Amino acid sequence: MIDINIIRENPELVKSACANKNEPDVVDEILTADAERRALQAEGDELRHRQKELSSQVGAAFAGGDRELAEKLKAEAKALSDSVKALEEKQREAETRWSALLIKVPNIPADDVPVGDASANVILREWGSPPKFDFEPRDHIDLGDMLGMLDMELGAKVAGSGFSLLAGDGARMSRALIAMMLDIHRESGFLEIAPPFLANRQAMTGTAQIPKLEGDMYHFPEEDLFLIPTAEVPITNLHAGEMLREENLPIYYAGYTANFRREAGSYGADTRGLLRVHQFDKVELVKFSHPDKSWEEHESLLAQAEKVLQALELHYRVVLLATGDMSFASAKVYDIELWAPGEGRWLEVSSCSNFLDFQSRRANIRFRPESGGQVQFVHTLNASGVALPRLLVAIWESYQTARGTVQIPRALRPYMHGQEEISPRL
RNA sequence: GGAGAGGUGGCCGAGCGGCUGAAGGCAACUGCCUGCUAAGCAGUUGGGCGGGUUACCGUCCCCCGGGUUCGAAUCCCGGCCUCUCCGCCA
């Protein structure tokens with residue numbers, strides 16, 4: 001969540017952030033609730049103060065042996081205690097109203113983020129060049145079928161539409177890619193994490209999937225647990241409620257998980273093959289940064305995700321998202337998109353975000369500056385490094401041959417026992 | 001799933017109805033001392049919220065949520081988590 005002081009001091013800034021992110025504007029409601037909450041607190045503090053004084057007088061009177069006085073004071077204190085309870089009830093309600101509103105305010109986009117919808121996104125650069133074919137390139141569905149790597153019908157058979165099933169060298173390549181990516185990140189100082197694939201409500205709220213995206217997640221009501229839509233949730237929440245040591249910052253984590261998204265309401269878009277599925281694998285990068293360093297960390301995080309694609313020699317581009325296209329919790333987002341020649345389009349495989357203190361405020365992740373002074377919130381960042389299904393799509397489509405085979409990228413071959421090519425199984 | 005033990009500050013750990021935001025220790029910081037290091041001596045050091053221009057004042061916080069009481073870290077109820085034993089199981 002954002003700092004209430006920003007709303008108090010600069011409501012217009014917050015209002016325009018809501019407008020630019022297409023979020024409902026509750027700023028005025030918050031200001032009203034805030035004033036109400038503060039008034040009730042002042043009143044309650046005063047009442048409690050008097051109650052404490054009285055009640056210590058009761059104790060003193062009993063200790064002094066003056067029973068009569070003690071009983072008299074006690075009766076007074078009882079009356080005061082009742083009014084404190086009544087007021088606390090009102091205070092709790094006001095507090096609840098206030099925080100329920102505050103949690104709906106999106107993060108404020110950074111100054112250098114373009115304002116507008118997706119059409120205002122800025123393509124920053126392209127890396128590599130699109131593969132050239134002297135034949136009509138096939139798409140990943142054909143290749144997956146021909147080479148026995150992908151079967152959407154079998155996925156649907158066991159789980160339903162939108163669940164993929166990889167087989168043979170498709171499954172092997174997926175596994176090899178995960179290992180390769182984790183190695184690349186480990187060499188750059190990221191600590192590998194294998195977290196739970198489920199998370200509780202508090203964790204989901206900490207990283208801001210709740211309240212906005214609650215309906216997009218698979219939920220188990222018995223335990224109030226959610227299947228994670230991204231490893232960002234369990235990994236960022238590793239340090240929830242903690243006071244970190246400044247000398248340990250920045251902290252880098254890399255984790256592989258499966259990810260689960262209901263994708264409710266997205267039927268009709270990207271429904272074919274691996275482009276948008278309910279369950280997919282991903283390697284995720286998460287950073288906890290000193291607030292003074294998070295913009296540098298954001299750039300190096302982007303570079304880290306790019307390392308994977310460069311190692312695989314894939315054609316990609318980096319896009320700076322406009323306000324209307326970025327997520328609720330982020331202040332600035334780069335997307336990395338891979339070129340998929342069979343689809344003839346760019347596919348998002350990574351989203352690289354700086355959340356500043358938006359998540360750490362919710363999850364209460366702080367540090368105490370060594371120079372003394374106020375406890376501060378750390379900054380959190382994350383990036384996919386990278387998402388598997390679309391990476392497979394881009395590899396298959398980019399590395400296909402006229403013979404209908406798929407070459408294995410050189411960097412990946414050690415992870416596949418030296419295999420160079422995927423051919424139809426006989 | 002059954003039985004027991006426990007969850008206290010940055011960390012360890014005492015307290016088990018009022019004088020406790022919390023002993024003691026560790027750690028950190030500041031002085032003194034010391035040729036450096038170490039040790040020693042003295043002192044300082046939690047967080048949230050609210051109020052005041054500052055020094056400051058008030059309130060809340062001893063896993064979480066309720067309750068009893070004039071008053072709760074301390075008593076009662078519910079939940080979560082950790083540990084030990086038994087059962088079951090990839």
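These numbers were taken from a predicted model, which means no experiment stands behind them. The chains referred to below are lettered A, B, ... by the order of the sequence lines, with proteins before strands, and numbering in each begins at 1.
- Counting non-hydrogen atoms under 4.0 angstrom, A:Arg361 reaches nothing in the nucleic acid.
- Taking the nucleotide of RNA chain B with the nearest heavy atom to each of A:Arg37 and A:Met243, the more 5' of the two is matched to A:Met243.
- Here the side chains of A:Asp357 and A:Gln376 are not in contact, with every heavy-atom distance at 4.5 Å or above.
- At distances below 3.5 Å, not a single donor-acceptor pair connects side-chain atoms of A:Asp139 with backbone N or O atoms of A:Glu343.
- Among the protein residues, A:Arg245 comes within range of no part of the nucleic acid, since none of its heavy atoms lies under 4.0 Å from any strand.
- Side chains of A:Asn107 and A:Ser330: a donor-acceptor N/O pair is absent below 3.5 angstrom, by distance only.
- With the nearest nucleotide of RNA chain B identified for both A:Lys78 and A:Ser55, A:Ser55 has the one nearer the 5' end.
- Partner of A:Phe288 under the side chain to side chain contact (heavy atoms under 4.5 Å, CB included) criterion, chosen from A:Ile365, A:Asn248, A:Leu381: A:Ile365.
- Remark: nothing in residues 93-104 of chain A comes within less than 4.0 Å of RNA chain B through any heavy atom.
- Salt-bridge annotation for A:Arg48 and A:Glu88: present, with a side-chain N of the basic residue lying under 4.0 Å from a carboxylate O of the acidic one.
- When the C1' atom is compared between B:G21 and B:G46, the two are found 8 Å apart, to the nearest whole Å.
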Subject >> Protein proximity profile, nucleotides 52-64 of chain B - base contact B, sugar-phosphate-only contact S, no contact -, cut-off 4.0 Å on heavy atoms >> reply: ------BSS----
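- Contacts of A:Glu76 with the nucleic acid, taken as non-hydrogen atoms under 4.0 Å apart, are absent.
- Cation-pi contact between A:Lys212 and A:Phe328: absent, since separation from the ring centre below 6.0 Å together with deviation from the ring axis within 45° is not met.
- Here, B:A28 and B:A39 have their P atoms 9 Å apart, quoted to the whole Å.
- Side-chain contact between A:Val283 and A:Val386: absent, with no pair of heavy atoms (C-beta onward) separated by less than 4.5 Å.
- Among the heavy atoms of the strands, none lies under 4.0 Å from A:Arg201.
- A:Met416 pairs by the side chain to side chain contact (heavy atoms under 4.5 Å, CB included) definition with A:Arg172, A:Met173, A:Ala176, A:Ile408, A:Leu412, A:Gln419, not counting sequence neighbours.
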